[in-house]
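Accompanying notes for the structure given below.
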Amino acid sequence: MSLQLLITGGAGFIGSHTCLSLLEAGHGLVVLDNFANSSPEALRRVQELTGPQAATRLQLIRGDIRSREAVAQAFRAAPIDAVLHFAGLKAVGESVRQPQRYWDVNVGGTLQLLKAMADHNCRTLVFSSSATLYGFPDQVPIPEKAPLRPINPYGHTKAAVERLLTDVAASEPGWRVAALRYFNPVGAHPSGRLGEAPSGTPSNLFPYLSQVAVGLRPTLQVFGADWPTPDGTGVRDYIHVMDLAEGHRAALEVLVREPPQLLTLNLGSGRGHSVLELVAAFEAASGRAIPYQVVARRPGDSPTSVADPSLATARLGWRTRRGLAEICRDGWAWQSANPQGYGEAH
Ligand code: NAD
Ligand code: UFG
């Protein structure tokens, strides 16, 4: 089955890896991205990895999801069967300082997209949601039915979009929607050609420690070693970005194959790792020492966040296949070959 897909935010970290996986599955892609947090070089490398023939199945529209004209242009580029909606802003701290911007892009942008979808009779959507919705969970591993208690504007925008999608799906028959709640996406394509390229100082652990390992930053700060966890540092469910890409492929196939429905699924491994475990695994994969110092807890952090991914396994036949060693091996292959991200290769 070959589909024509609109991929918003397809040049970003998760979008680019998913584009590669979807091209390899034989689909045709229209990518809509304004490069607010990415580079066209990522898509060029996706095409390089698929080879010249599959590469012709990727079209790029440079534009903003909030622009009616840009979205219409994307729908004119091909008869779109389904949309994978990655475009959005994701920096928690920035969302606290600029909440209007986050509501505008994440919620306003999604509204614009939904309107264009209905206009073009396209009612199949895979949305990038987040484990951030669970806030401080009462129960770990966290099931999808856990209460949603986002604790920052970024999380509020993700909760608002999930609410919007629920209302839209209920308003008329025919909508096929998957809201995928990612846990902590990390790692890179094993080729070392695609990976995460944050601009400025990374706020997340994995890109930060990768930059320490490669010598771009002197020391990792560990935010608290007094949490109620086995070694006192924060525990997270790290998911290899290629496992995440495959989860999107599986969700899309289920949506298209089954009767219309709204699917809400955790995408995670079900296993938690502490900050210090990740440091040790990255040191082993890279052969580099990662100096660190323990500092105060980061405001807004929770001790432990681990998915219960059993619903995704039951509904999609999907589970993660790559563990911490592969995550660090592939992350290091990317970071060591591209210390400046995509910057140097334009
Ligand atoms: P990313 O920033 O690498 O990718 C987002 C892409 O969207 C970028 O290419 C950016 O240029 C584009 N974009 C931003 N605003 C746009 C706009 N107005 N119009 C068009 N394109 C726009 O982020 P990512 O890590 O790949 O995340 C993808 C999605 O997954 C986001 O919605 C994010 O909130 C969600 N998510 C990410 C994580 C994570 O930890 N990476 C976790 C949970 C959920
Ligand atoms: N940490 C450090 N030092 C750092 C960065 C992080 O010790 O420099 C610790 C944190 O305290 C936490 C763990 O490493 O214990 C992971 O932190 P990240 O910032 O990498 O990830 P979070 O789980 O805090 O949040 C991320 C995204 C959210 C998203 C969530 C779940 O930032 O937007 O994953 O998907 F919602």
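Note that ligands are numbered from 1 as they come in the structure, with each ligand's atoms numbered from 1 the same way. Just so it is clear, the model here is predicted, and its values are computed rather than measured. Residue numbers run from 1 in the order of the sequence given.
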Any donor-acceptor pair under 3.5 Å from Thr8 side chain to Ala87 backbone: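 At least one qualifying donor-acceptor pair exists.
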
Under 4.0 Å from ligand 2 - residues by heavy atom, chain and number: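 Residues within 4.0 Å of ligand 2: Val92, Ser130, Ala131, Thr132, Tyr154, Tyr182, Phe183, Asn184, Ser203, Asn204, Leu205, Leu220, Gln221, Val222, Phe223, Gly234, Arg236, Tyr238, Val275, Arg298, Asp301.
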
Results of ring pair (Phe, Tyr, Trp, His ring centres under 6.0 Å) for His248 - residues two or more places apart only: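 Expected list: Phe86, Tyr182.
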
Contact (N/O only, under 3.5 Å) between Phe13 and ligand 1: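 Yes; at least one N/O pair falls below 3.5 Å.
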
Ala11 N/O under 3.5 Å from ligand 1 N/O: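 Not met; the criterion fails.
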
Please could you name the atoms of ligand 1 that [X] approaches to less than 4.0 Å, counting only its heavy atoms?
X: Phe86; result: 28 (C), 29 (C), 31 (C), 32 (O)
X: Ser128; result: 29 (C), 30 (O), 32 (O), 35 (C)
X: Gly63; result: 19 (N), 20 (C)
X: Phe35; result: 11 (O)

Shortest protein heavy-atom distance from atom 40 (O) of ligand 1, along with the residue and atom involved: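 Protein heavy atom with the smallest distance to atom 40 (O) of ligand 1: Pro185 CD, 3.3 Å.
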
Partner set under side-chain contact (heavy atoms from CB on, under 4.5 Å) for Ala11, not counting sequence neighbours: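 For Ala11, the residues satisfying side-chain contact (heavy atoms from CB on, under 4.5 Å) (neighbours in sequence not counted) are Asp33, Phe35, Ser38, Leu43.
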
Ligand 1 contact on His85 by region, counting heavy-atom pairs under 4.0 Å: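 Under 4.0 Å from ligand 1, His85 contributes no heavy atoms.
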
Side chain to side chain donor-acceptor pair (under 3.5 Å) partners for His27, two or more places apart: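 Once residues adjacent in sequence are excluded, His27 has no partner under the side chain to side chain donor-acceptor pair (under 3.5 Å) criterion.
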
Side chain to side chain, Arg181 and Glu162, heavy atoms closer than 4.5 Å: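 In short, these two side chains touch, coming nearer than 4.5 Å.
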
